[in-house]
Visitor: 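Following this message is one structure expressed as C-alpha cells.
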Amino acid sequence: LFVDADLTPGTVVEAAPNQAHYLLNVLRMRQDSELLVFNGRDGEWRARLAASGKKSASLTLIEQTRPQPVLPDLHYCFAPLKKGRLDYLVQKAVEMGASALTPVITQHCQMHKPGIERLRANALEAAEQCGILAVPPVHAPVKFDRLIADWDPGRRLIFCDESAETHNPLTMLQALETDRLGLIVGPEGGFSDAERRALHALPFVTAIPLGPRILRADTAAVAALAVIQATIGDWR
Ligand code: SAM
C-alpha cells in the first residue's frame with residue numbers, strides 16, 4: 001500500500017479514506033493485522049493496523065523489509081490512446097519497468113488532453129500491484145516537436161518503427177549499452193512521415209521493428225518494453 005509519509009519505526013500513518021475502505025471492507029483486516037507499505041523512497045516496510053474506525057485506519061510502522069530498489073532509468077513516451085486503452089497502456093508500462101512516462105501529442109494522436117490525474121492514479125495502482133516500491137511520475141503532455149527539441153542527447157531513444165528495416169539484434173544490444181534510455185511508440189494512426197523523418201535524423205535514436213505485423217500501439221509498447229527488459233536483464 002502506498003503511504004505518503006516518511007517511514008521510520010513506530011511512526012503512525014493514517015490510511016486515506018479509499019485505502020481504509022480497501023483494508024477494512026475488501027481485505028477485511030482487523031486490529032493487529034499486518035501489511036506491507038511503501039512511499040517510493042524508503043523501501044518496503046512492514047506495518048500493523050493499529051486502530052480503525054468505520055471509515056478510518058491507522059497503521060503503525062514496524063520495520064523495513066526491502067531496501068529501495070534502483071529502478072531502470074527508462075523514460076517511456078507514448079501517444080495517448082482513447083481512455084480505457086490508455087489506462088491499460090500506463091499500467092502495463094509501469095509493470096514492465098518504465099521509470100517515467102510522458103504523453104506525446106503527435107500529428108495523428110487520438111487524444112490531445114489525457115487526464116493526467118487519472119494516468120497518475122493508474123501508475124500508482126500498477127506500482128502497488130506489482131510491488132516495484134516506486135511510483136513512476138507521469139509528466140504533463142508535450143508536443144512531439146518539443147519532446148524531440150528538449151531531448152537529452154545522452155539518453156538513447158528507442159523508436160518503435162513498423163517501417164524500420166529488419167535489423168541485426170546487435171543493434172538493439174548496442175543501443176541498450178547505456179543506463180539512460182527512452183522509448184517512443186506512436187498512436188493508432190502512426191507517426192506522420194515528417195515525425196518519422198525527424199526521429200530517424202536524430203543521432204541518439206535507434207529505430208527497431210517489432211516483427212512484420214502492424215501491432216496496436218499498446219501491444220507495441222508492451223512488446224518493446226519486454227524486449228528492453230529481457231535484453232538488459234534485471235537492473236535492480
Ligand atoms: N502506421 C501503422 C499502420 O500503418 O497502421 C499504425 C501505427 S501502429 C497501430 C501504432 C504504433 O505502434 C506505431 O506508431 C509504432 O510505434 C508501433 N508499432 C506497431 N507495429 C510495429 C512494428 N511491427 N514494429 C515496430 N513498431 C510497431
Visitor: Knowing that exactly one of Ile184, Leu157, Ile105 qualifies, which makes a side chain to side chain contact (heavy atoms under 4.5 Å, CB included) with Leu147?
Guide: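 Among Ile184, Leu157, Ile105, the one that satisfies the side chain to side chain contact (heavy atoms under 4.5 Å, CB included) with Leu147 is Ile184.
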Visitor: Check the hydrophobic clustering (I, L, V, M, F, W, Y; side-chain heavy atoms under 4.5 Å; chains of links allowed) and say if Ile132 and Leu183 are grouped together.
Guide: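 Shared cluster, yes.
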Visitor: Between Glu125 and Arg120 (salt bridge meaning N to carboxylate O under 4.0 Å), is one present in this structure?
Guide: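 No.
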Visitor: Is it the case that one hydrophobic cluster holds both Ile62 and Leu49, taking links as side-chain heavy atoms less than 4.5 Å apart, direct or via other members?
Guide: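 Not linked; separate clusters.
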Visitor: Report the distance from atom CG of Leu36 to atom CZ of Arg66, rounding to the nearest 0.5 Å.
Guide: 8.0 Å
Visitor: For atom CZ of Arg146, is the number of surrounding heavy atoms from other residues, nucleotides or ligands below 6.0 Å larger than 12?
Guide: no
Visitor: Could you check whether the rings of Phe191 and Phe144 sit parallel, tilted or perpendicular, using 30° and 60° as the cut-offs?
Guide: tilted
Visitor: Do Ser99 and His75 have side-chain atoms, one donor and one acceptor, less than 3.5 Å apart?
Guide: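 Note: Ser99 and His75 side chains miss the donor-acceptor criterion.
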Visitor: Above 12 or not: heavy atoms from other molecules or residues under 6.0 Å from CZ of Arg30?
Guide: yes
Visitor: Quick check for you: to the nearest 0.5 Å, what is the distance between Glu177 atom CD and Met172 atom CE?
Guide: 12.0 Å
Visitor: Please report the interatomic distance CD(Glu34) to CZ(Arg48), rounded to the nearest 0.5 Å.
Guide: 5.0 Å
Visitor: Return yes when atom OH of Tyr22 has more than 12 non-hydrogen atoms of other residues, nucleotides or ligands closer than 6.0 Å, and no otherwise.
Guide: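 Counting neighbours around OH of Tyr22, 12 or fewer heavy atoms of other residues, nucleotides or ligands fall under 6.0 Å, so no.
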